[in-house]
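Note sheet for the following structure.
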Amino acid sequence: MREQLLIEYDKIDKQNILDEDVRRLLAAARGRLADSYSPYSKFRVAAALLLDSGEIISGANQENAAFPSCLCAEQVAFAAAASQAPGQKILKTLISTSSLEHEPAAPCGNCRQVIAEFENRQDSSIVILLEGKDFIYQFDSIKSLLPLGFAGGHFMHP
Ligand code: THU
């Protein structure tokens, strides 16, 4: 028996962003790019998170001469939210980069796993917004980017 997984997403025209949350997240992430420390890759990444209080928390990638010690923007932002706003649910995250000629800017596998853990611990989906050149790609959940992910001994349902 052969089955298929379907991944749906929305494309938001950057010239016509109707959702106020998305506009705020985009501004926050783009503003945070200046705080990227990326002398090795020269690739700036920022992630902004919308909490259910309405507050936005953001972070940028922080590199290290020992490459495995580099921290991705998503990990910086999610850890900051868990530390500075414990108990607050994360509703949405928007990820931007300094180089938008490739689209969309997609989180690495490790960051997908980190975000999946946040969804599991808060028991609700996090909308993932990836900024591309002309469009923002909006996914309903990290499950769309990490289907069949590992979650403590069982597969997450697709
Ligand atoms: N990077 C992120 O911050 N997030 C990702 O999801 C992918 C990659 C950073 C890590 C490194 O500082 C730079 O981008 C180049 O890989």
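Basis for what follows: all heavy atoms, side chains included, without hydrogens, waters or symmetry-related copies. For reference, positions follow the sequence shown, starting with 1. Please read these numbers as outputs of a predicted model, since none were measured by experiment. Start at 1 and go down the list; that is how both ligands and their atoms are numbered.
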Evaluation steps, side chain to side chain donor-acceptor pair (under 3.5 Å), between S141 and E119: CA-CA 8 Å; S141 159; E119 274 198 356; 3.0 Å; yes
Note: C72, heavy atoms under 4.0 Å from ligand 1, region reported as both
Sub-4.0 Å heavy-atom contact, S38 with ligand 1: no
Using modelled atom types and a 3.5 Å cut-off, is there a donor and acceptor pairing between side-chain atoms of E63 and backbone atoms of S41? yes
Distance from atom 9 (C) of ligand 1 to nearest protein heavy atom, with residue and atom: N61 ND2, 3.6 Å
For the pair Y137 and Y9, name the ring-plane relationship: parallel under 30°, tilted 30 to 60°, perpendicular over 60°. tilted
I would like to know whether R32 and S58 meet side chain to side chain donor-acceptor pair (under 3.5 Å); could you show each step before the answer? CA-CA 7 Å; R32 186 59 71 208; S58 58; 2.8 Å; yes
Ion pair present between E74 and R112, side-chain N to carboxylate O less than 4.0 angstrom? no
For atom 3 (O) of ligand 1, what's the nearest protein heavy atom and its distance? A73 N, 2.8 Å
Which atoms from ligand 1 have a heavy atom of S41 less than 4.0 Å away? 13 (C), 15 (C)
Nearest to atom 14 (O) of ligand 1, what protein heavy atom do you find, and at what distance? F43 CD2, 3.4 Å
Quick check on E20: does its CD atom have over 12 non-hydrogen neighbours (other residues, nucleotides or ligands) under 6.0 Å away? yes
Closer than 4.0 Å: a protein non-hydrogen atom to atom 16 (O) of ligand 1: no
Nearest non-hydrogen contact with atom 13 (C) of ligand 1 belongs to which option: Q75, R112, E74, E63? E63
Interfacing atoms of ligand 1 (cut-off 4.0 Å, heavy-atom, C108): 5 (C), 6 (O)
